[in-house]
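Encoded as structure tokens, the structure appears first; notes follow it.
Lettering follows sequence order; numbering is per chain, from 1.
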Amino acid sequence: MIPAARSPNRADLDGSGWADPHPPRRLGFAVKIAGRPDLKDHDSRRWQNGPHLRVSLHYLDQIFAYLAEHGIRMYRISSDIAPYITHPDLPQFHQQIEECRDALTALGERARALNLRLSMHPAQHIVLNSPTERVAAASMSDLAYHARFLDALSADANAKIVTHTGGVYGDRAAAADRFVRHYESLPSAVQRRLVLENDETSWSVEEVLRIHERTGIPLVFDTLHHAVNNPSRIAVHDAFRLCLATWPAEHVPKIHFSTQRREHREISRQDPNTGIRAGVRVPAKPGQHDDWIDGNEFIAFLEGAGDARFDVMLEAKQKQLALFRLRDDLLAAGRSGDIW
DNA sequence: CGATGTCAAGGAATC
DNA sequence: GATTCCTTGACATCG
């Protein structure tokens, strides 16, 4: 771990005229803090026990303190932060954002003071292009909750909600049409925040680019998904540049970066016959996230990125510990002036 | 206290 | 048509 005090000082790397202690590109991580069970990311109690956003916000405040301590300026908030807020059968949970207005305002101010870029990534059940009307409608209301939450923080325009296109359902053209149609029917509060990520099975960079062309939705380039789902063989930096170009000039684009797991790993599995739980070694399947970020791979990616402005959300099992280790690698390679 | 079952929600691959 | 995986933990209950 590198304490914030050890982060190297640099001058005016972004041309702003200010001697910023940090380089312009931000490194972030998602939701959970590894090795710190005391730092929870949301109130996960069952509905019978009355979980509440105000408890989650207390947790988030402690996470912000951790981020400040370590000079981390990018973080993905748990989509479960407001428990059951869109559950159709539990209306008593639906007003949590209003009930926490003051705490949300205060946390938003804190995030701004930390120059913290926030984001959210709704769970896999949120499928905007579902042919099931009920699922699509529930997805739209869930996206609206995410937007209300970020708005209640007064988060800036770079605080995005990241989604995938959804399923294919045996008819790709119809599935894309449904995404476009449902996107266009979203309130502008959601449209302002929503960005689209290439996925690992169904919607490659080439395909999300077509959706961008029809909707204007900005694209988050995911390096690992591109590595495993790239049917038209677009070179990685070409795909990267195409996605970056989908962002309006006044916003800072971002990408997802992760290293693919290569080794076998040991998992705990229960034998269906004996019921005995034991460690089993299984080979890594394509597309799985590694515990860490490969520093050489990351630096090679930066070399090809030129002077483009963008932020990087790291997706590694070891979470912020992977970020710290990558910082060490960047420092050793003399590249910490680019990104921190 | 340790072990075990459960958790709001979808889609796709496999058989 | 039904099952399992994605992915993983943490909560909740039971013995």
Would you give me the side-chain donor-acceptor pairs under 3.5 Å for residues 233-246 of chain A, sequence neighbours excluded?
{"from": "A:His237", "atom 1": "NE2", "to": "A:Phe301", "atom 2": "O", "distance (Å)": "2.8"}
{"from": "A:Arg241", "atom 1": "NH1", "to": "A:Gly304", "atom 2": "O", "distance (Å)": "3.3"}
{"from": "A:Thr246", "atom 1": "OG1", "to": "A:Leu219", "atom 2": "N", "distance (Å)": "2.9"}
{"from": "A:Thr246", "atom 1": "OG1", "to": "A:Cys243", "atom 2": "O", "distance (Å)": "2.5"}

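The stretch residues 174-192 of chain A participates, sequence neighbours left out, in these side chain to side chain donor-acceptor pair (under 3.5 Å) pairs: A:Asp177-A:Arg214. Contacts classified as side chain to side chain donor-acceptor pair (under 3.5 Å) and involving residues 133-150 of chain A (residues at least two apart or in different chains) are given here: A:Ser79-A:His146, A:Thr86-A:Asp142, A:Glu98-A:Arg148, A:Asp142-A:His146.
Whole-Å rounding puts the A:Leu224 CG to C:dC6 P distance at 14 Å. The CZ atom of A:Arg45 sits 17 Å away from the C1' atom of C:dG9 (whole-angstrom rounding). The CG-C1' distance, from A:Asn229 to C:dC6, rounds to 15 Å in whole Å. For the pair A:Phe93 CZ and B:dC7 P, the interatomic distance rounds to 16 Å; values are reported in whole Å. When the C1' atom of C:dT7 is taken as reference, atom CG of A:Asp290 falls 15 Å away, rounded to whole Å. A:Arg36 has its CZ atom 18 Å from the C1' atom of C:dG9, to the nearest Å.
The strand DNA chain B forms stems, runs of 3 or more Watson-Crick or G-U wobble pairs with distances below 3.5 Å, at B:1-7 with C:9-15, B:10-15 with C:1-6.
As rounded to the nearest Å, C:dT7 and B:dT6 have C1' atoms that lie 15 Å from one another. Between the P atoms of B:dA8 and C:dT13, the separation comes to 12 Å (whole Å).
Judged as a side-chain contact (heavy atoms from CB on, under 4.5 Å), and not counting sequence neighbours, the contacts of A:Ala103 are A:Leu57. Shown here are the ring pair (Phe, Tyr, Trp, His ring centres under 6.0 Å) partners of A:Phe298, two or more places apart in sequence or in another chain: A:Phe257. Residues satisfying the ring pair (Phe, Tyr, Trp, His ring centres under 6.0 Å) criterion with A:Tyr75, sequence neighbours excluded, are A:Phe29. Take A:Asp294 and apply the side-chain contact (heavy atoms from CB on, under 4.5 Å) test, not counting sequence neighbours, and it matches A:Thr259, A:Asn296, A:Glu297. Listed by chain and residue number, A:Asp41 satisfy the salt bridge (charged side-chain N to carboxylate O under 4.0 Å, His left out) test with A:Lys32 (two or more places apart in sequence, or in another chain). Listed by chain and number, the residues in a salt bridge (charged side-chain N to carboxylate O under 4.0 Å, His left out) with A:Glu99 amount to none (sequence neighbours excluded).
Checked options A:Lys160, A:Arg76, A:Arg117; the residue passing with A:Asp311 is A:Arg117 (criterion: salt bridge (Lys or Arg N to Asp or Glu O under 4.0 Å)).
Remark: A:Lys40, A:Ser44 in residues 37-44 of chain A come within less than 4.0 Å of DNA chain C through at least one heavy atom.
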>> Output one letter per nucleotide in nucleotides 8-15 of chain B: B when a protein non-hydrogen atom lies under 4.0 Å from the base, S when only the sugar-phosphate is that close, - when neither is.
In response: BBBSS---
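For the pair A:Asn49 and C:dA12, the criterion of a side-chain N or O lying under 4.0 Å from OP1 or OP2 is met.
Ring planes of A:Tyr84 and A:His87: tilted class, angle from 30 to 60°.
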